[in-house]
Protein chains: 2
Amino acid sequence: MKSTIYDVAKAAGVSIATVSKVVNQTGNISVKTRERVLHIMKELQYQPSVVASALTGKKTSTFGLLISDLANPFFAEVARNLEDQAQAAGYSIVMCSTDNKDDKGLNYISLLQRKQIDGLIVACQFSQWSLLQDSLNANFPVVLFSKDIPSLSMHTVTVDDYRGGYQAIQHLISLGHSRIGVVTEDSPSGDHRVRGAKQAMNDAGIAVNDDWIVKVKSSIEEGCEGAAHVLQRDTRPTALFTCNDLLAVGSMQSAQQSGLRVPEDLSIIGFDDTILSKIVVPRLTTISQPIQEMAKETVQLLLRQSDTPDMPKQKIVFQPQLVEGLSTQPLQAK
Amino acid sequence: MKSTIYDVAKAAGVSIATVSKVVNQTGNISVKTRERVLHIMKELQYQPSVVASALTGKKTSTFGLLISDLANPFFAEVARNLEDQAQAAGYSIVMCSTDNKDDKGLNYISLLQRKQIDGLIVACQFSQWSLLQDSLNANFPVVLFSKDIPSLSMHTVTVDDYRGGYQAIQHLISLGHSRIGVVTEDSPSGDHRVRGAKQAMNDAGIAVNDDWIVKVKSSIEEGCEGAAHVLQRDTRPTALFTCNDLLAVGSMQSAQQSGLRVPEDLSIIGFDDTILSKIVVPRLTTISQPIQEMAKETVQLLLRQSDTPDMPKQKIVFQPQLVEGLSTQPLQAK
DNA sequence: TTGAAAGCGCTAACAA
DNA sequence: TTGTTAGCGCTTTCAA
């Protein structure tokens, strides 16, 4: 049977209060008793129960992570980085894939609250974001990860999606491209990226062709279909900006099916710099997010909220970075 | 403030025992009081505390998952499937990436025990497996996932690695290959797969060339280097069996660097059928594991162990399946 | 059919 | 410096 604080107290000939104090390093305990208690604890392999201490109002040292789909390489990487940062702070993470379904997310939240988690990271989408807000207690620690939802008054850590889109297009333009298509994902981030993309075209005096902009669900298959729509037109773009790597991979497949070579006939630039972009041939040019830094800030933000429940909401925006691969090249003169 | 069982009891004019009974559907409660209590619960948005009920000896409805690296696509997929199955049973999962480090794993286990999880899934490696056994209470529910460790008396769910290796080689042989190299991972599974591979060669009367067998760490980079060792010899194999998809991708890169075309000059067959194998060009021929089924059995096994602590240890072995891609082809006559 | 009360393992005043 | 004790929110006998 597992030993409790009572067992330790009895064996050490002290009260449970004393044991509690040495465990938590609170109060004043003589070196001698501390040593003795510590020794007994080891002997009995005493492990303080997180459950019992949580019941008295202390932390569970657990965060919840609502994520779209753990099997998606981008989110898997996000999860891993968050886990690392949390672990460094003594926390563990309960992973919850919501598939971006509101009800799944809401169910998880309710369950997580019953489990008394100390904070929540939201890295999935909601179709009705207000439901998220409503299901959470006013000062419950939350951070929106990689989602910038203006209607929500919540701490947020994101990459500058707008700027990322802008950079992507800027890169294509610098290579001489002016006929640029866009395959985007139906999400707030996707929208921001596209806005940035359009702005870059405008700033360069390049016409935005709405026929070349398609919005799809985030998957390789849909990316492939979406790109096909654009590529099979009479006049097609010479370069494609896709709002994430999954769509980029799909677009590369579509190009191949259309007999177009990447990058000779079509340049493609993605977003996220996941493992996919690294193994695809040609290596994808893409926009990378500093996931590790973002994860670090996210955990810090969660931690600080526990101490300062009413701290002013803040939004931390990281700058994306262009990673040049082999999927883009200067426009060939015809 | 969150409402407790006392609030509900008071509002409903009953005792907390009664509320507890309607919540847990135990004992005999008149329809009338039940309805009333239920109604009040809704009104007060009462959420029973998992922490408090766990303290009285009930479950936390939480499993721990020790996994090598959540960012690895194969493990991410495993994690996702386990999460789905657990969720269907009302459980959530705490994810712990150990990077196959014993101390990391052990620390997590200790933490998880303090959190009173109801079961543990081990899908990572230990260099000293006995440490795992020692750190766990005798009848604590555990399942080894995709690791077959004979020295450990634990419930196990695996794919038949030996057979998978055998099938891979059989496939290559059926295509006419007889000069076959192997790039494997330093792990028990890897070893099983290689044993199966060698057996298949023996059975076909094909010589096993140990110079063509390299054992590396599981990563794209090491796969690339490992394959290079084999491919840069004076006489090189015409086909390569790699013990997982990461190594396969690395090997494909190595082949490319050596100016070898896949599959014209070199056939490559992988293992796992992850997303990587699907996006790589040419699409990888590989051996797939029925991850979903495996996840399902794993969760069932965990659940049953809670009910029947001393149930006889069992090992469930699933059959792998060949997935034909485009990275293998019949041996070309020279 | 309902309720009183003990207890789960721990924390935190408050006393001593 | 140490100990006593009252909870934390819930489950579960055992009585009523």
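As a basis for the values below, the full set of heavy atoms in this structure was taken, side chains included, without hydrogen atoms, waters or symmetry mates. Everything numeric in this text was worked out from a predicted model, so none of it was measured. Residue numbers start from 1 in every chain, and the chains themselves are labelled A, B, ... in the order their sequence lines are given, proteins ahead of strands.
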Handout entry: B:Lys115 NZ to C:dG9 C1', straight-line distance once rounded to whole Å
Key = 17 Å

Problem - Nucleotide C:dG9, atom P - distance to NZ of A:Lys2 in whole Å - result: 9 Å

Handout entry: Minimum-distance nucleotide to B:Ser20 side chain [options: C:dT1, D:dG3, D:dT11]
Key = D:dT11

Handout entry: A:Glu35: partners by side chain to side chain contact (heavy atoms under 4.5 Å, CB included), with sequence neighbours left out
Key = A:Val31

Problem - B:Lys217/B:Asp186 ion pair, N-O < 4.0 Å - result: no

Practice task
Respond yes when some side-chain nitrogen or oxygen of A:Ser30 is under 4.0 Å from OP1 or OP2 of D:dT2, and no when none is.
Solution key: yes

Exercise for the section: Mind calculating the distance between CG (B:Leu55) and C1' (D:dT12) to the nearest angstrom? Expected result: 14 Å

Handout entry: Under 3.5 Å donor-acceptor pair, B:Tyr6 side-chain atoms to D:dC8 base atoms
Key = no

Exercise for the section: Enumerate the residue pairs fulfilling ring pair (Phe, Tyr, Trp, His ring centres under 6.0 Å) with a member in residues 40-73 of chain A, sequence neighbours excluded, ordered by first and then second residue. Expected result: A:Phe63-A:Tyr91

Handout entry: A:Asp118 and A:Lys58 ion-paired at < 4.0 Å
Key = no

Exercise for the section: Kindly point out which of D:dC10, C:dG9, D:dG3 is positioned nearest to the side chain of B:Ile5? Expected result: D:dC10

Exercise for the section: Residues of residues 35-45 of chain B with any non-hydrogen atom less than 4.0 angstrom from an atom of DNA chain D: list those, numerically ordered, please. Expected result: none

Problem - Closest-nucleotide 5' rank along DNA chain C - winner of B:Ile29 and B:Thr56 - result: B:Ile29

Exercise for the section: Choose from C:dC8, C:dC10, C:dG3 the nucleotide whose nearest atom is closest to any side-chain atom of B:Thr18. Expected result: C:dG3

Exercise for the section: Starting at atom NZ of A:Lys59, determine the distance to atom C1' of C:dT11, rounded to an integer number of angstrom. Expected result: 14 Å

Fill in the blank from the handout: Between A:Val51 and B:Lys115, the two heavy atoms sitting closest are CG2-O, 3.9 Å

Problem - A:Tyr46 OH to C:dG9 P, straight-line distance once rounded to whole Å - result: 10 Å

Problem - CD (B:Gln47) with more than 12 external heavy atoms under 6.0 Å - result: yes

Practice task
Sort and list the pairs that fulfil ring pair (Phe, Tyr, Trp, His ring centres under 6.0 Å) and have at least one residue in residues 6-45 of chain A, not counting sequence neighbours.
Solution key: none

Exercise for the section: For A:Arg114 and B:Val50, indicate whether the former's side chain and the latter's backbone hold a donor-acceptor pair under 3.5 Å. Expected result: no

Problem - Distance, rounded to the nearest Å, where A:Lys10 contributes NZ and C:dC10 contributes P - result: 14 Å

Problem - B:Lys10 NZ: over 12 foreign heavy atoms closer than 6.0 Å - result: no

Practice task
Looking at every strand, decide which applies to A:Thr33 at a 4.0 Å heavy-atom threshold: base, sugar-phosphate, or nothing.
Solution key: sugar-phosphate

Practice task
Tell me which nucleotide among D:dG3, D:dC10, D:dT12 gets nearest to the side chain of A:Ser15.
Solution key: D:dG3

Distance-only check: which donor-acceptor pairs under 3.5 Å involve side-chain atoms of residues 138-155 of chain A, not counting sequence neighbours?
from: A:Asp148; atom 1: OD2; to: A:Lys315; atom 2: NZ; distance (Å): 2.9
from: A:His155; atom 1: ND1; to: A:Gln314; atom 2: N; distance (Å): 3.2

Practice task
Nearest-nucleotide wise, let me know which of A:Arg34 and A:Ile16 is further upstream toward the 5' end of DNA chain D.
Solution key: A:Arg34

Problem - Under 4.0 angstrom between A:Asn24 side-chain N/O and C:dT11 OP1 or OP2 - result: yes

Atom pairs under 3.5 Å, N or O on each side, protein against nucleotides 14-16 of chain C: can you list them with distances?
none

Handout entry: Proximity to the side chain of B:Ala17 - top-ranked nucleotide from D:dT11, D:dC10, C:dA4
Key = C:dA4

Exercise for the section: Just call it for B:Val14: base, sugar-phosphate, or nothing, with non-hydrogen atoms closer than 4.0 Å on any strand. Expected result: sugar-phosphate

Exercise for the section: Would you kindly give the CD-to-P distance between A:Gln116 and C:dC10, to the nearest whole Å? Expected result: 16 Å

Exercise for the section: Please name the pair of heavy atoms, one in B:Ser306 and one in B:Lys59, separated by the smallest distance, quoted to 0.1 Å. Expected result: CB-NZ, 4.2 Å

Problem - Distance test, side-chain N/O of A:Ser49 to OP1/OP2 of C:dC8, below 4.0 Å - result: no

Exercise for the section: May I have the distance from A:Gln47 (atom CD) to C:dC10 (atom C1'), rounded to whole angstrom? Expected result: 15 Å

